[in-house]
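Both backbone and side-chain heavy atoms feed into the values below; hydrogens, waters and symmetry mates do not. Quick note: residue numbers are just sequence positions, from 1.
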Amino acid sequence: EAKEAKEAKEAKEAKEAKEEASKAAKGEARSKRKAEEAKSKAEEAKKAKTEATNAKTEATKAINKATKAKNEATEAKEAKAAKGKKKLVDEAEGKAADRSGSAKQQVASDDEECDAVCVVCKSGEDVESNPILLCDGHHDVEVGYHIKCLKPVISMAKIPKGDWFCPECKNLRLAKG
(Lines give C-alpha, C1' and ligand atoms only; values in the text may rest on other atoms or scores of the structure.)
Protein backbone atom coordinates (compact mmCIF):
# COMPACT_ATOMS: atom_id res chain seq x y z
CA GLU A 1 0.00 0.00 0.00
CA ALA A 2 2.85 2.29 0.67
CA LYS A 3 4.09 1.65 -2.77
CA GLU A 4 0.71 2.43 -4.23
CA ALA A 5 0.48 5.58 -2.15
CA LYS A 6 3.94 6.59 -3.32
CA GLU A 7 3.01 5.91 -6.93
CA ALA A 8 -0.24 7.84 -6.53
CA LYS A 9 1.69 10.71 -4.97
CA GLU A 10 4.23 10.66 -7.80
CA ALA A 11 1.43 10.47 -10.39
CA LYS A 12 -0.27 13.38 -8.71
CA GLU A 13 2.97 15.39 -8.66
CA ALA A 14 3.62 14.49 -12.30
CA LYS A 15 0.10 15.58 -13.19
CA GLU A 16 0.59 18.88 -11.32
CA ALA A 17 3.97 19.42 -13.01
CA LYS A 18 2.36 18.70 -16.37
CA GLU A 19 -0.42 21.20 -15.64
CA GLU A 20 2.13 23.82 -14.57
CA ALA A 21 4.17 23.18 -17.71
CA SER A 22 0.99 23.53 -19.79
CA LYS A 23 0.11 26.80 -18.00
CA ALA A 24 3.64 28.07 -18.56
CA ALA A 25 3.50 27.13 -22.24
CA LYS A 26 0.13 28.89 -22.58
CA GLY A 27 1.57 31.95 -20.78
CA GLU A 28 4.58 31.96 -23.09
CA ALA A 29 2.34 31.70 -26.14
CA ARG A 30 0.14 34.51 -24.79
CA SER A 31 3.23 36.66 -24.09
CA LYS A 32 4.61 35.92 -27.52
CA ARG A 33 1.27 36.85 -29.11
CA LYS A 34 1.12 40.09 -27.09
CA ALA A 35 4.73 40.90 -28.07
CA GLU A 36 3.87 40.37 -31.73
CA GLU A 37 0.77 42.58 -31.38
CA ALA A 38 2.85 45.31 -29.69
CA LYS A 39 5.46 45.07 -32.43
CA SER A 40 2.75 45.33 -35.11
CA LYS A 41 1.21 48.38 -33.38
CA ALA A 42 4.65 50.00 -33.12
CA GLU A 43 5.20 49.47 -36.85
CA GLU A 44 1.77 50.95 -37.63
CA ALA A 45 2.52 53.96 -35.41
CA LYS A 46 5.87 54.45 -37.13
CA LYS A 47 4.18 54.26 -40.54
CA ALA A 48 1.48 56.75 -39.45
CA LYS A 49 4.16 59.11 -38.13
CA THR A 50 6.03 58.94 -41.45
CA GLU A 51 2.79 59.60 -43.36
CA ALA A 52 2.01 62.58 -41.09
CA THR A 53 5.50 63.98 -41.63
CA ASN A 54 5.12 63.59 -45.39
CA ALA A 55 1.71 65.27 -45.31
CA LYS A 56 3.14 68.15 -43.25
CA THR A 57 5.99 68.54 -45.75
CA GLU A 58 3.53 68.63 -48.66
CA ALA A 59 1.35 71.17 -46.84
CA THR A 60 4.40 73.37 -46.22
CA LYS A 61 5.31 73.15 -49.90
CA ALA A 62 1.75 74.12 -50.89
CA ILE A 63 1.80 77.09 -48.48
CA ASN A 64 5.16 78.23 -49.85
CA LYS A 65 3.87 77.92 -53.42
CA ALA A 66 0.71 79.90 -52.57
CA THR A 67 2.76 82.59 -50.81
CA LYS A 68 5.07 82.87 -53.81
CA ALA A 69 2.09 83.17 -56.17
CA LYS A 70 0.52 85.82 -53.94
CA ASN A 71 3.79 87.80 -53.87
CA GLU A 72 4.12 87.57 -57.64
CA ALA A 73 0.52 88.75 -58.08
CA THR A 74 1.15 91.69 -55.75
CA GLU A 75 4.33 92.62 -57.64
CA ALA A 76 2.49 92.40 -60.96
CA LYS A 77 -0.35 94.55 -59.64
CA GLU A 78 2.10 97.15 -58.32
CA ALA A 79 4.00 97.16 -61.62
CA LYS A 80 0.73 97.60 -63.54
CA ALA A 81 -0.32 100.47 -61.26
CA ALA A 82 3.08 102.15 -61.64
CA LYS A 83 2.86 101.75 -65.41
CA GLY A 84 -0.64 103.28 -65.37
CA LYS A 85 0.56 106.25 -63.29
CA LYS A 86 3.51 106.81 -65.59
CA LYS A 87 1.19 106.73 -68.62
CA LEU A 88 -1.12 109.34 -67.05
CA VAL A 89 1.79 111.60 -66.15
CA ASP A 90 3.29 111.24 -69.62
CA GLU A 91 -0.07 112.11 -71.19
CA ALA A 92 -0.45 115.13 -68.88
CA GLU A 93 3.02 116.35 -69.72
CA GLY A 94 2.40 115.87 -73.44
CA LYS A 95 -0.85 117.82 -73.37
CA ALA A 96 0.72 120.52 -71.21
CA ALA A 97 3.60 120.82 -73.65
CA ASP A 98 1.15 121.10 -76.56
CA ARG A 99 -0.79 123.85 -74.82
CA SER A 100 2.20 125.79 -73.53
CA GLY A 101 3.71 126.12 -77.00
CA SER A 102 0.86 128.23 -78.32
CA ALA A 103 -1.00 129.64 -75.32
CA LYS A 104 0.18 131.47 -72.25
CA GLN A 105 -1.62 131.36 -68.94
CA GLN A 106 -5.30 131.92 -69.49
CA VAL A 107 -7.35 133.88 -67.02
CA ALA A 108 -10.94 134.28 -68.06
CA SER A 109 -12.25 137.85 -67.88
CA ASP A 110 -15.50 139.68 -68.51
CA ASP A 111 -14.45 140.68 -72.03
CA GLU A 112 -13.49 137.09 -73.07
CA GLU A 113 -15.96 134.32 -73.82
CA CYS A 114 -15.34 131.35 -71.51
CA ASP A 115 -17.40 128.21 -71.12
CA ALA A 116 -15.32 127.02 -68.17
CA VAL A 117 -17.06 126.21 -64.91
CA CYS A 118 -15.25 126.14 -61.57
CA VAL A 119 -14.60 122.55 -60.55
CA VAL A 120 -15.12 123.41 -56.86
CA CYS A 121 -18.24 125.62 -56.77
CA LYS A 122 -19.67 124.59 -60.18
CA SER A 123 -20.24 128.23 -61.11
CA GLY A 124 -19.28 129.74 -64.44
CA GLU A 125 -19.40 133.25 -63.02
CA ASP A 126 -16.17 134.98 -63.92
CA VAL A 127 -15.53 138.36 -62.30
CA GLU A 128 -12.38 140.44 -62.13
CA SER A 129 -12.06 140.00 -58.35
CA ASN A 130 -12.44 136.19 -58.62
CA PRO A 131 -11.42 135.04 -62.12
CA ILE A 132 -11.39 131.45 -63.28
CA LEU A 133 -7.90 130.01 -63.87
CA LEU A 134 -7.80 127.46 -66.69
CA CYS A 135 -5.59 124.39 -66.22
CA ASP A 136 -2.87 123.70 -68.80
CA GLY A 137 -2.80 120.01 -67.81
CA HIS A 138 -4.04 116.74 -69.24
CA HIS A 139 -7.79 117.46 -69.39
CA ASP A 140 -9.86 116.85 -72.53
CA VAL A 141 -12.08 119.84 -71.75
CA GLU A 142 -11.32 123.22 -70.21
CA VAL A 143 -10.97 122.80 -66.47
CA GLY A 144 -11.14 125.91 -64.38
CA TYR A 145 -10.94 127.04 -60.76
CA HIS A 146 -11.92 130.35 -59.22
CA ILE A 147 -8.82 131.74 -57.53
CA LYS A 148 -10.81 131.99 -54.27
CA CYS A 149 -12.02 128.37 -54.54
CA LEU A 150 -8.48 126.98 -54.63
CA LYS A 151 -6.88 125.70 -51.45
CA PRO A 152 -4.73 127.59 -50.73
CA VAL A 153 -6.36 130.63 -52.32
CA ILE A 154 -4.29 132.39 -55.01
CA SER A 155 -4.21 136.19 -54.87
CA MET A 156 -4.48 138.27 -58.04
CA ALA A 157 -0.81 139.21 -57.65
CA LYS A 158 0.25 135.55 -57.57
CA ILE A 159 -1.50 134.39 -60.72
CA PRO A 160 1.32 132.78 -62.69
CA LYS A 161 2.45 134.32 -66.00
CA GLY A 162 3.15 130.96 -67.66
CA ASP A 163 1.43 127.59 -67.44
CA TRP A 164 -0.76 126.81 -64.46
CA PHE A 165 -1.66 123.31 -63.36
CA CYS A 166 -4.63 122.39 -61.20
CA PRO A 167 -4.14 120.36 -58.00
CA GLU A 168 -4.94 117.09 -59.82
CA CYS A 169 -2.28 117.71 -62.48
CA LYS A 170 0.24 118.79 -59.82
CA ASN A 171 -0.36 115.52 -57.96
CA LEU A 172 0.19 113.52 -61.15
CA ARG A 173 3.44 115.37 -61.78
CA LEU A 174 4.55 114.70 -58.18
CA ALA A 175 3.64 111.02 -58.52
CA LYS A 176 6.00 110.70 -61.45
CA GLY A 177 8.71 112.18 -59.25
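Atoms NZ and OG, on Lys26 and Ser31 in that order, are 14.0 Å from each other to the nearest 0.5 Å. Expressed to the nearest 0.5 Å, how far CD of Glu51 lies from NZ of Lys56 amounts to 16.0 Å. Put simply, SG on Cys166 and CG on Leu133 are 10.5 Å apart, with the number rounded to the nearest 0.5 Å. With values rounded to the nearest 0.5 angstrom, Glu78 atom CD is found 7.5 Å from Glu75 atom CD.
Shown here for Phe165 and Lys170, the closest heavy-atom pair between the two residues is O-CE, 3.3 Å. The minimum heavy-atom distance between Cys169 and Cys135, with the atom names listed, is SG-SG, 3.6 Å. Scanning both residues, Leu134 and Glu142, for their nearest heavy atoms gives CD1-OE2, 3.9 Å. For Met156 against Glu128, the heavy-atom pair with the smallest separation is CE-O, 3.4 Å. Nearest heavy atom pair, residue His146 against residue Cys118, reads ND1-CB, 3.2 Å. The two residues Val153 and Ile147 come nearest to each other via the heavy atoms CG1-O, 3.3 Å.
In this structure, the side chain of Thr74 engages the main chain of Lys70 through a donor-acceptor pair within 3.5 Å.
Under a hydrophobic clustering in which Ile, Leu, Val, Met, Phe, Trp and Tyr are joined whenever their side-chain heavy atoms come within less than 4.5 Å, directly or via other members, Trp164 and Val120 fall into the same cluster.
Residues forming a salt bridge (Lys or Arg N to Asp or Glu O under 4.0 Å) with Lys61 (at least two apart in sequence, or on another chain): Glu58.
The neighbour count for Glu4 CD, taken as heavy atoms of other residues, nucleotides or ligands under 6.0 Å away, does not exceed 12.
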request  = Just do the side-chain contact (heavy atoms from CB on, under 4.5 Å) check on Ser22 and Lys18 with the steps written out, would you?
outcome  = CA-CA 6 Å; Ser22 175; Lys18 187 176 178 183; 5.8 Å; no
request  = Please lay out, stage by stage, how Ile154 and Tyr145 fare under the test side-chain contact (heavy atoms from CB on, under 4.5 Å).
outcome  = CA-CA 10 Å; Ile154 296 179; Tyr145 288 78; over 6 Å; no
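For the pair Ile132/Ser123, no side-chain contact is recorded, criterion being any heavy-atom separation below 4.5 Å from C-beta on.
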